[in-house]
Undergrad: 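Mind looking over this structure? Questions follow.
Letters go in sequence order (proteins before strands), and every chain restarts at 1.
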2 protein chains.
Amino acid sequence: MKLKQGAPRHSQISQWLRKEIEDGTYMPDEKLPSENELAKKFGVSRVTIRRALQSLESEEIIYRCQGLGSFVSDTRTPHNLVRLTDFNEDMENAGLEASSIVKAFKTVEAPGWLAEILHVAEGNKVLQIDRLRLGNGEPIAYDITWMPILYGQLLQEDKLQDKTIYQTLEEEYEIPIIRGTYRISADVADNYLSTQLKADINAPLLTINRLSFTIGDKPVYYQQRYYRSDKVMYEMTLERDKNNSTSASELPLKEFVPVFKKTKDTG
Amino acid sequence: MKLKQGAPRHSQISQWLRKEIEDGTYMPDEKLPSENELAKKFGVSRVTIRRALQSLESEEIIYRCQGLGSFVSDTRTPHNLVRLTDFNEDMENAGLEASSIVKAFKTVEAPGWLAEILHVAEGNKVLQIDRLRLGNGEPIAYDITWMPILYGQLLQEDKLQDKTIYQTLEEEYEIPIIRGTYRISADVADNYLSTQLKADINAPLLTINRLSFTIGDKPVYYQQRYYRSDKVMYEMTLERDKNNSTSASELPLKEFVPVFKKTKDTG
DNA sequence: ATATAATACATGTAATAACAAGTATTGATG
DNA sequence: CATCAATACTTGTTATTACATGTATTATAT
């Protein structure tokens, strides 16, 4: 008798457990049922349960101690992966109140360099969104986003306060971002930016340009963001895994997060 | 009869295969022996072989196709991990000839902020190394490194051309760097830096400060590096794994590499 | 000659079994 | 009371077995 209802049993089970943990059925550091109990509960062998638990362990959703059991990891520690965060989320983590001022929401003709990046023909119309980003009312960053009309038509200006572009595309239109390329550089504030950001002219700016792709390597939007470098720096932690003693110099990234400075440090 | 010679059999085997692949016994895209053959060869069951191969697969050292076999991955693709690279290596990848000029190699008394970072007492002596970094003879970066005398005494000024601090500590003294914290920010060139880097005063600089730790969370060295932002930017790629359909916004980092510009772009 | 079916072999999934090894409790012993 | 051994329970490792599923080749029929 063929079952073949899609996914293998062990991944169904790990999915089930994942959901239980997300839903809060099992709290952080709480002990999960033992492998034998789970095996009985799901009517599978212990091997299958182990495979399911191994997935969760490698995602650092649970941790296991020989002789003790399996436990839920601390709440949403960075799961050995980097979470792509948006501005609002970053600010929230930093304990600042985020707000945005939409400075422009218009269609423009794509110049050559942009057309190439977004895979549209030169001169094609693209949506351009300029936003000033504030934390606790103070200017922190200024960004410009361009996207093909194909995707741009899905956004509405008034919704940009509540939801991020990322969320809107993924949740409402099932257009997931599966890849992003970041370019990190430095610049100095020109006349316009210094005015907008209320910074000195020639003030140093941390610039992060990112190009986001959806399935099929289709570019969805390109964003240039200028951070006031006296307000924010990016911090990343690379950590070497103790188990996988691979060749010397490989470390997995644990975190890549912006750090907001509340007080002005003397450099 | 107890064997207990340390590591479990499956990790011994994966280690063995890792080495074979590194040594070039199996070339990229070459088919490994089948699971059954390996099982017979090592005198273990197929389950154990599979565990070994699973490790290699998760490290992206091999890839497997149902019905075909297991194959060696393309040469040293970024193994889903970020490789910590040093300046010389970065330049080599960019096709530039790297050189360094040691501007200072001295002991100084650690000011408060540095003492705190390096976990030494304020006023303690620390080694300070100032270096100008060149690519094809042109100034690209300037960095200052501080390290406790404990580690500093292991370095010799004349060796800094050949080997990196990282390599020296790991290979000669078995002091591995297991964690690094990067802080990325922007600054403008002051009088001294603009002279050293042959850049305009107030030229934008990409600054990367990193603190490197060895086992026991002991800080080994702290480095401040200033890149001419017209010469280099950092690029990183985040990619979502197709298999692990975890919660929406988590992407593993594939690459974090500097990109050197050979020609001056118009901003 | 081309399309199809049979076959051999690869990895993928899973059940069952046994033992090793770490942890905590319990109970006997000093 | 303190110490130590026995015990029960946990995860870790491994062997054996069976079948499912994907791939490529070979033999067969059209």
Undergrad: Nearest of C:dA14, D:dG12, C:dT13 to any side-chain atom of B:Arg46?
TA: C:dT13
Undergrad: Would you mind reading off the distance between A:Arg9 atom CZ and D:dA18 atom C1', rounded to a whole angstrom?
TA: 19 Å
Undergrad: From the options C:dA20, C:dA14, D:dT23, select the nucleotide whose nearest atom is closest to the side chain of A:His10.
TA: C:dA14
Undergrad: Would you compute the distance between atom CG of B:Leu150 and atom CD1 of B:Ile175 and round it to the nearest 0.5 angstrom?
TA: 7.0 Å
Undergrad: Name the nucleic acid region contacted by B:Arg51, choosing base, sugar-phosphate or nothing; use a 4.0 angstrom heavy-atom cut-off, strictly under.
TA: sugar-phosphate
Undergrad: Heavy atoms from C-beta onward define the side chain here; which of D:dT16, C:dA14, C:dA21 lies closest to that of A:Thr48?
TA: C:dA14
Undergrad: Figure out the CD/C1' separation between B:Glu35 and C:dA14, and round it to whole Å.
TA: 14 Å
Undergrad: Can you identify which nucleotide, out of C:dG12, C:dA10, D:dT16, has its nearest atom closest to the B:Gln66 side chain?
TA: C:dG12
Undergrad: Assign the ring pair A:Tyr222 / A:Trp146 to parallel, tilted or perpendicular, where the plane angle (0 to 90°) is split at 30° and 60°.
TA: parallel
Undergrad: Rounded to whole Å, how long is the line connecting atom CD of B:Glu37 with atom C1' of C:dT11?
TA: 13 Å
Undergrad: Roughly, in whole Å, what's the span from CG in A:Leu53 to C1' in D:dT11?
TA: 10 Å
Undergrad: For A:Asn36 and D:dA8, give me the distance from atom CG to atom P, rounded to whole Å.
TA: 16 Å
Undergrad: Round to the nearest Å and state the distance from B:Gln54 atom CD to D:dT14 atom C1'.
TA: 14 Å
Undergrad: Roughly how many Å is it from CD1 in A:Ile62 to P in D:dT11, rounded to a whole number?
TA: 9 Å
Undergrad: Does D:dT10 have OP1 or OP2 under 4.0 Å away from a side-chain N or O of A:Ser70?
TA: no
Undergrad: Base, sugar-phosphate alone, or nothing: which one does B:Arg50 contact when heavy atoms must sit under 4.0 Å apart?
TA: base
Undergrad: Let me confirm one number: the OG-CD distance from A:Ser70 to A:Glu35, rounded to the nearest 0.5 Å.
TA: 5.5 Å
Undergrad: Specify the closest pair of heavy atoms between B:Met147 and B:Ile165, including all atoms of both residues, with the distance to one decimal.
TA: CE-CG2, 4.2 Å
Undergrad: Between A:Arg64 (CZ) and C:dA21 (C1'), how many Å, whole number?
TA: 15 Å
Undergrad: Quick one: pull up CZ in B:Arg210 and OG1 in B:Thr181 and give me the separation to the nearest 0.5 Å.
TA: 11.0 Å
